[in-house]
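Taking it in order: structure first as structure tokens, then the write-up.
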Amino acid sequence: MKNEVDQRLVLDAYEKIHEHGKAEQGKHTLEGITAYTDHDGYTVFLEGHNVQMRLEFHNKYHFDYNNERDFDMFMRKLEQISRDYHKPGREDPEETHR
């Protein structure tokens, strides 16, 4: 199965999981998604909802999952994490207009 993925979304979610998630043994977990890198930091791994994703250097990626429902849940969770968490030191544009 081939899936087109917004890699900026994946990296943004990874950063937010790393910043806001619970750290344990070199991995960070937030809202059921676990994120970590390999020893040199060139490969990002995200796991959750019965899906494993590997994002490699030069934006190559690979998914391992059994059904589309799990994949859809995984991607919706990454989108939600990206949307709902904010990076430290950056203002939320919506907050500045209130």
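In this text, all values refer to a predicted model and were calculated from it rather than measured experimentally.
With sequence neighbours left out, the salt bridge (Lys or Arg N to Asp or Glu O under 4.0 Å) criterion links R83 to no other residue. By the side chain to side chain contact (heavy atoms under 4.5 Å, CB included) test, D6 is found to be paired with R8, L9, residues two or more places apart in sequence or in another chain being considered. Partners of D64 by side-chain hydrogen bond (donor to acceptor under 3.5 Å, both in side chains), not counting sequence neighbours: none found.
Side chains of L46 and T34 form no contact here, defined as non-hydrogen atoms less than 4.5 Å apart. Here the side chains of F45 and L55 are not in contact, with every heavy-atom distance at 4.5 Å or above. No side-chain heavy atom of N66 sits under 4.5 Å from any side-chain heavy atom of N50. V10 has its side chain within reach of M53: a pair of non-hydrogen atoms, C-beta onward, lies under 4.5 Å apart. Considering only heavy atoms from C-beta on, T43 comes within 4.5 Å of R54 through its side chain. Within the 4.5 Å cutoff, side-chain heavy atoms of Q7 are placed close to those of Y61.
Criterion: ILVMFWY side-chain heavy atoms under 4.5 Å apart, direct or through other members. Under it, V51 and L11 are part of a common hydrophobic cluster. Taking hydrophobic clusters as Ile, Leu, Val, Met, Phe, Trp and Tyr residues chained together by side-chain heavy-atom distances below 4.5 Å, V5 shares a cluster with I33.
In this structure, OH in Y42 is found 9.0 Å from NE2 in H58, a value given to the nearest 0.5 Å. Taking NE2 from H49 and CD from E31, the interatomic distance works out to 8.5 Å, rounded to the nearest 0.5 Å.
Counting only N and O atoms by type, the side chains of Y36 and E47 include a donor and acceptor under 3.5 Å apart.
When ring centroids are compared, F63 and F71 come within the 6.0 Å threshold.
Side-chain atoms of D70 never come within 3.5 Å of backbone atoms of F74 as a donor-acceptor pair (strictly under, hydrogens ignored).
At least one test fails for K16 against the ring of Y85: distance under 6.0 Å to the centre or angle within 45° of the axis.
The minimum heavy-atom distance linking A35 with I17 is given by the pair CB-CG2, 3.7 Å.
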Chi angles and distances behind the side chain to side chain contact (heavy atoms under 4.5 Å, CB included) call for I81, K77: CA-CA 6 Å; I81 288 170; K77 182 54 75 171; 4.0 Å; yes

